[in-house]
Participant: 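To start, I am sharing the structure in question, which I have written as structure tokens.
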Amino acid sequence: MARYEPKTAEPRQQARWAAADAFRTPTEGTGKPKYYVLEMFPYPSGNIHMGHARNYVMGDVVARSRRAQGFDVLHPMGWDAFGLPAENAAIERGIHPGDWTWSNIAAMRDQLKLLGLSLDWSREFATCDPAYYGKQQAWFLELFKRGLVYRKDSIVNWDPVDNTVLANEQVVDGRGWRSGAIVEKRKLNQWFLRITDYADDLIDGLKELEGRWPDKVRLMQENWIGRSKGLQMTWAWAGQAPAAAPDGLEIYTTRPDTLFGASFMGIAADHPVARALAETNPDAAAFIAECRKGGSTQAEIEQAEKIGFDTGLKVLHPFDGREVSVWIANFILSEYGTGAIFGCPAHDQRDLDFARKYDLPVIPVVRPEGAGDDFAVANEAYTGPGALFHSDFMDGMEIEPAKAAAIARIEAAGQGEGATIYRLRDWGVSRQRYWGCPIPVIHCPSCGAVPADQLPVELPRDVTFDVPGNPLDRHPTWKHVKCPSCHGDATRETDTLDTFVDSSWYFARFTDPTAADPIAKAAADKWLPVDQYIGGVEHAVLHLLYARFISRALSDAGLMSVKEPFAGLFTQGMVVHETYRRADGAWVEPTDVELSNDGGRRSARQLSTGEALTIGDIEKMSKSKKNVVAPQEIVDTYGVDAGRLFVLSDSPPERDVQWTSGGVEGASRFVQRVWAEVDGFDPAAAGDESANASLVRETHKAIKAVSEGITGFRFNSAIAKLYAFVATVRDHGAAGGDARRQALSALARLVAPFTPHLAEECWTRLGEEGMILDAPWPVYDPALAADDEVTLPIQVNGKRRGEIRVARGLEPAAVEAIVLADPEVQARLEGLTVKKIVVVKDRIVNVVVG
RNA sequence: GCGAGCGUGGCGAAACUGGUAGACGCAAGGGACUUAAAAUCCCUCGACUUCGGUCAUGCGGGUUCGAUCCCCGCCGCUCGCACCA
């Protein structure tokens, strides 16, 4: 009997699939239902790591099993190829970002192909290809025409050394992540997409994804959009109105019921009234400067003391007409609501902290049940339920009715209206970067911003990175063009699009990647939505929210029909590994480590130096900690199938999996065992009748368990069942003939999604025609899986005391009789009174005694 | 601070909607084969035990014939958001 040799078998099967063009997506009407499986496409950093591999293997298990179940499967792959690292490579190594990116893509494609994934490579594209981003420019202009794209001044994080805007995530402790320079706030004219137009729809749509998206992700998106309902209203000035807000002070509140508890007004340091005051009042200017100095790190915000500045301005209370003073306060956010609030210290902790510091009145207006007129708050604001008091027309009302009453009164007086506001802001998409999709707009001194008339607007290749800043800006000719409208001298927009734009529609382009239109409607209508999307939870908000938004916007523009792009979402865990460290603090990679285990005490030694190592935390595989295992090494040592199996076998897919060499060796042993069973099959041996029947039963149980494990995304359980099933097949040495053939045939088809190369080899060895790829999924027959006898545990007062074997489906009354007649049970019950017997059919018996 | 999730052997974990806790794998121990090693195969493997049992799913209560699963209160860890009015 020959050992299974992955080294020869795997390339052999991959060549077979390639020769048959086996993974090309069926396009003609096959009459089969469609299934679109997609893994989040990678950034071409140059290397496929284990995290990628686990992600794509999961997708491949889904794709291969759906195919076997009779679906036409679309399973494409591409490259999210624009972005900063390419420019950094250009700056550091003098390579053109395009060359760097394309050579990385070539390298990664080769690595990916080793994994034996059932991908339709004919649909591959990279977002940095003008054939892709030109189409993106086309729909961008369509949204521009429809008013979903606009320009406005906005305050951005500006890195003065790199001369560029930084995303919030690129600012670490107030410094640029790359340059280390202190980040400035700068006002720039930027392009925005009106995602806030879709805020409600994006929240409401989440409801329909219940059960198909992780609750966590839906919740994160809901919080991110941050819808709140309240009252937007204007307070009239007492005395002379400041020029910056002649009509009064506009505020937003979610607690209009507490209006009678107002004791001060708070405005943000950036509020127009505050800024105007600073021009004439040096103290105010100094205070505002102080506010701006406040750090932006989390710890600093947490500890920041609430400080304020009394402007001397006063407004009139809308209900009782008293005067309320207006303060500039550091804890008011200028970007949220109107940048101004009314302070109600009794029922808001921040307001209370502020009021205590500046000795402002604290007026409780909501009291919990049972509290009297003397209800007061000390240093903790009361935010619980209760009834209104000290509140005139709202006295005695509960909070919700009081809110409605207050809003009605303000609306009747024409001082404001009920309003819903969002935390979500419009999406700023301008980046002062070369390696991105050019924004296809031409600025004309007389016509303004005009859509480019020639698409694609291609990036010029001849750029340099020797000076900081955007090379498009200083390119000698690229930006100088004629206005498409008046044909006068004009300039191109030199900002490029945020790379999240590139990834917000690629799944639609995959349905027909060479179409003349950005999205080929017929193909998109056929394949979308993506039935199963798989990727990291780190994209829970940004990427997934942007993609949902763009799908809605493009649908409304008539470019596609599906508003909710991902019908099913799965977020997979990371691949983690132990870390090893030398006494001098240097990290050591696993290939240079020898582990030993002395009666449970583990120790590590560096192979190259012999030095003792400290075994450190288990962390995400990363270059900096050197705890990386390359897929290539695993393929070389154990074969792809063992690696594919192991990344899914040891942990539930949504959880992190710890890579261990012992684990992958276990997977490799399983591969050998499967092969040994198949290779040792002797069709001539008929087998023993009862063993045959038993093997058929076990086969059908395995089909059921593995099938359910795969569809339920419990790959680890499915694999455990496969391990157990192989042992079962082996233990049924007395079974042969058709029963054994069926068992092995089912085994091969059940392992196929996980270890496809092995499965093909087995298929051929079993004498089957063609490829297992085209074989149908084994069918589970409940009648064949059922045992005719079951084991019933017998409990006495809930504790297990024994068991009996009875015919399956035996009625409770009959079971009861058998149990009571059982001598062991009788011995146990001696001297006791049986109060009750609970019999759950085919499950358990519980005798309750007193 | 707010929100969500998770706590089960030495380790990763399993247990379908409340019904035999620890499947499967790793590590460990013992044995077979071998001149030896590797590989492979077999056995043991939650704790305690007077060997009949007893205790065990973070801790303390509750509901139930029966709780890893449901409810209440703690403790711990992880993640997300973070002065959002």
Side-chain angles (χ1 to χ4, degrees), chain A residues 3 214-224 226-228 230-231 251-255 258 266 294 298 301-304 306 329-333 335-344 347-351 353-354 421-424 537-538 540-541 595 597-602 618 645-646 649-652 654-667 669-670 672-673 676 704-705 708-709 712 714 716-727 791-803 835-849:
Chain A
R3 236 183 102 76
D215 291 347
K216 179 185 170 162
V217 174
R218 291 187 303 122
L219 190 68
M220 279 165 72
Q221 292 214 351
E222 197 176 327
N223 292 340
W224 186 266
R227 175 161 65 188
S228 51
L231 168 67
I251 60 108
Y252 177 78
T253 179
T254 55
R255 290 298 300 271
T258 64
Q298 292 178 5
I301 287 171
E302 220 166 277
Q303 286 158 17
K306 302 210 169 11
N330 67 336
F331 65 94
I332 315 290
L333 302 172
E335 321 89 69
Y336 186 75
T338 61
I341 60 147
F342 84 85
C344 179
H347 304 293
D348 183 289
Q349 192 59 45
R350 295 155 301 177
D351 297 350
D353 294 345
F354 189 76
I421 67 162
Y422 304 89
R423 203 189 80 111
L424 181 71
V537 73
E538 65 273 18
V541 176
L595 292 166
N597 194 321
D598 178 22
R601 288 237 324 265
R602 301 180 63 235
I618 297 160
L645 198 60
F646 176 64
S649 70
D650 232 27
S651 287
E654 67 276 13
R655 228 180 284 178
D656 292 350
V657 65
Q658 188 190 346
W659 185 273
T660 60
S661 54
V664 72
E665 280 162 21
R669 278 193 285 270
F670 170 78
Q672 293 298 339
R673 279 201 295 268
K704 177 176 160 63
E708 288 175 356
R714 293 186 303 270
N716 55 327
S717 297
I719 292 169
K721 293 292 183 211
L722 285 168
Y723 277 58
F725 183 47
V726 174
T791 304
L792 292 187
I794 300 170
Q795 295 182 333
V796 176
N797 281 350
K799 297 214 159 125
R800 188 179 181 279
R801 292 303 179 200
E803 59 183 42
K835 283 177 154 176
K836 184 175 171 187
I837 298 183
V838 180
V839 180
V840 182
K841 196 196 263 184
D842 295 342
R843 268 263 141 86
I844 202 161
V845 180
N846 191 6
V847 183
V848 187
V849 295

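Residue numbers start from 1 in every chain, and the chains themselves are labelled A, B, ... in the order their sequence lines are given, proteins ahead of strands.
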Participant: Just to be sure I follow the notation: if a pair is Watson-Crick (purine N1 to pyrimidine N3 plus N6-O4 or O6-N4) or a G-U wobble (N1-O2 and O6-N3), each under 3.5 Å, what dot-bracket string does RNA chain B give, with | for pairs to another strand?
Facilitator: (((((((..(((......[....))).(((((.......))))).(((....)))..(((((..]....))))))))))))....

Participant: Between A/W224 (CH2) and B/rA4 (P), how many Å, whole number?
Facilitator: 19 Å

Participant: Measuring only the P atom in each nucleotide, how far is B/rC26 from B/rC16? A whole number of Å is fine.
Facilitator: 24 Å

Participant: Do A/L219 and A/N223 come within less than 4.5 Å of each other through their side chains, counting heavy atoms only?
Facilitator: yes

Participant: Tell me, for nucleotides 40-51 of chain B in 5' to 3' order, what letter each nucleotide earns: B for a base near a protein heavy atom under 4.0 Å, S for only sugar-phosphate near one, - for neither?
Facilitator: S-S---------

Participant: Please state how far atom CD in A/Q221 lies from atom C1' in B/rG3, giving the value in whole angstrom units.
Facilitator: 16 Å

Participant: Could you state the atom-to-atom distance from CD of A/E665 to P of B/rA27 in whole Å?
Facilitator: 7 Å

Participant: Looking at the side chain of A/K216, which of B/rC81, B/rA23, B/rC79 is the nearest nucleotide?
Facilitator: B/rC79

Participant: Taking any heavy-atom pair under 4.0 Å as a contact, classify A/G662: base, sugar-phosphate, or nothing.
Facilitator: sugar-phosphate

Participant: Less than 4.5 Å apart, side chain to side chain, heavy atoms only: is that true for A/F646 and A/T660?
Facilitator: yes

Participant: Nearest 0.5 angstrom please: A/D842 CG to A/L792 CG, how far?
Facilitator: 7.0 Å

Participant: Can you sort out the partners of A/T791 under side-chain contact (heavy atoms from CB on, under 4.5 Å), two or more places apart, ordered by chain and number?
Facilitator: A/E803, A/R805

Participant: Between B/rC43 and B/rC65, how far apart are the P atoms? Round to whole Å, please.
Facilitator: 42 Å

Participant: Just the rounded figure in Å: distance from P of B/rA23 to CD1 of A/I719.
Facilitator: 18 Å

Participant: Taking atom OH of A/Y422 and atom OH of A/Y336, what is their separation to the nearest 0.5 Å?
Facilitator: 10.5 Å

Participant: Exactly one of A/I618, A/V664, A/D650 should register a side chain to side chain contact (heavy atoms under 4.5 Å, CB included) with A/W659. Which one does?
Facilitator: A/V664

Participant: Between the protein and nucleotides 11-14 of chain B, are there any N/O to N/O pairs under 3.5 Å, and if so, what are the atom names and distances?
Facilitator:
unit_1 : atom_1 : unit_2 : atom_2 : d
B/rG12 : O2'    : A/D650 : O      : 2.8
B/rG12 : O2'    : A/S651 : OG     : 3.1
B/rA13 : OP1    : A/R655 : NH1    : 3.4
B/rA14 : OP1    : A/N716 : ND2    : 3.0

Participant: Just N and O in the side chain of A/R423: are any of them under 4.0 Å from OP1 or OP2 of B/rA82?
Facilitator: yes

Participant: Starting from the 5' end of RNA chain B, give me the residue, A/G666 or A/N223, whose nearest nucleotide shows up first.
Facilitator: A/N223

Participant: Figure out the CG/C1' separation between A/L645 and B/rC24, and round it to whole Å.
Facilitator: 11 Å

Participant: I need the A/R423 CZ to A/E222 CD distance, nearest 0.5 Å.
Facilitator: 12.5 Å

Participant: For A/Y723, which residues count as a side-chain hydrogen bond (donor to acceptor under 3.5 Å, both in side chains) partner, sequence neighbours excluded?
Facilitator: none

Participant: Starting at atom CD of A/E222, determine the distance to atom P of B/rC2, rounded to an integer number of angstrom.
Facilitator: 19 Å

Participant: If we take the C1' atom in both B/rU20 and B/rA67, what is their distance in whole Å?
Facilitator: 14 Å

Participant: Using side-chain hydrogen bond (donor to acceptor under 3.5 Å, both in side chains) as the criterion, list what pairs up with A/K835, not counting sequence neighbours.
Facilitator: none

Participant: Respond yes when some side-chain nitrogen or oxygen of A/Y336 is under 4.0 Å from OP1 or OP2 of B/rA85, and no when none is.
Facilitator: yes

Participant: Any non-hydrogen side-chain atom of A/V845 less than 4.5 Å from a side-chain atom of A/V838?
Facilitator: no

Participant: Could you state the atom-to-atom distance from CG of A/L219 to P of B/rC2 in whole Å?
Facilitator: 15 Å

Participant: With sequence neighbours left out, write down each residue that passes side-chain hydrogen bond (donor to acceptor under 3.5 Å, both in side chains) with A/S661, or none if nothing qualifies.
Facilitator: none

Participant: Just to be sure I understand the rule, does A/G337 reach a base, reach only the sugar-phosphate, or reach nothing, if contact means heavy atoms closer than 4.0 Å?
Facilitator: nothing

Participant: When you compare the side chain of A/K216 with that of A/V537, does any pair of heavy atoms fall below 4.5 Å?
Facilitator: yes

Participant: Using a 4.5 Å cut-off on heavy atoms from C-beta on, say whether the side chain of A/I719 contacts that of A/F670.
Facilitator: no

Participant: Which residues pass the side-chain hydrogen bond (donor to acceptor under 3.5 Å, both in side chains) test with A/Q795, sequence neighbours left out?
Facilitator: none

Participant: Decide yes or no for A/N846 and A/I844: does some side-chain heavy atom of the first lie under 4.5 Å from some side-chain heavy atom of the second?
Facilitator: no

Participant: Enter the distance from A/L722:CG to A/L645:CG here, rounded to the nearest 0.5 Å.
Facilitator: 8.0 Å

Participant: Could you give the CG-to-P distance, from A/N797 to B/rC65, as a whole number of Å?
Facilitator: 11 Å

Participant: Write down the protein N/O and nucleotide N/O pairs, taken from nucleotides 19-22 of chain B, whose separation is under 3.5 Å; answer none if there are no such pairs.
Facilitator:
unit_1 : atom_1 : unit_2 : atom_2 : d
B/rU20 : O2     : A/R800 : NE     : 2.9
B/rU20 : O2     : A/R800 : NH2    : 3.0

Participant: Considering only atom P, compute the distance from B/rG7 to B/rU68 and round it to an integer number of Å.
Facilitator: 14 Å

Participant: Using atom P of each nucleotide, how far apart are B/rU57 and B/rC41 to the nearest Å?
Facilitator: 35 Å

Participant: Could you work out which one of B/rA85, B/rC83, B/rC81 sits closest to the side chain of A/I332?
Facilitator: B/rA85

Participant: Glycosidic conformation of B/rG30, syn or anti, with 90° from 0 as the boundary?
Facilitator: anti

Participant: If you pin A/D348 and A/Y723 to their nearest nucleotides in RNA chain B, which one's is more 5'?
Facilitator: A/Y723

Participant: Return the set of residues passing side-chain contact (heavy atoms from CB on, under 4.5 Å) with A/A329 (not counting sequence neighbours), or none when no residue passes.
Facilitator: A/F331, A/I332, A/F354

Participant: In Å and rounded to the nearest 0.5 Å, what is the CD1 to CD1 distance from A/I341 to A/I251?
Facilitator: 8.5 Å

Participant: Determine the contact category for A/L333: base if any of its heavy atoms lies under 4.0 Å from a base atom, sugar-phosphate if only primed atoms, P, OP1 or OP2 are that close, otherwise nothing.
Facilitator: base

Participant: If we take the C1' atom in both B/rC2 and B/rC69, what is their distance in whole Å?
Facilitator: 28 Å

Participant: So what does A/T253 hit on the nucleic acid, given a heavy-atom distance under 4.0 Å: a base, only sugar-phosphate, or nothing?
Facilitator: sugar-phosphate

Participant: Using the C1' atom as the point on both nucleotides, what is the distance between B/rG53 and B/rG5, in whole Å?
Facilitator: 39 Å

Participant: Just the table, please: protein N/O against nucleotides 54-58 of chain B N/O, every pair under 3.5 Å.
Facilitator:
unit_1 : atom_1 : unit_2 : atom_2 : d
B/rU54 : OP1    : A/R801 : NH2    : 3.2
B/rU54 : OP2    : A/R801 : NH1    : 3.1

Participant: Can you list everything that forms a side-chain contact (heavy atoms from CB on, under 4.5 Å) with A/R714? Sequence neighbours excluded, please.
Facilitator: A/E708, A/N716, A/S717

Participant: Check every strand shown and say whether A/Y252 touches a base, only sugar-phosphate, or nothing at a heavy-atom separation below 4.0 Å.
Facilitator: base

Participant: Would you measure the distance from the P atom in B/rA85 across to the matching atom in B/rG73 and give it in whole Å?
Facilitator: 25 Å

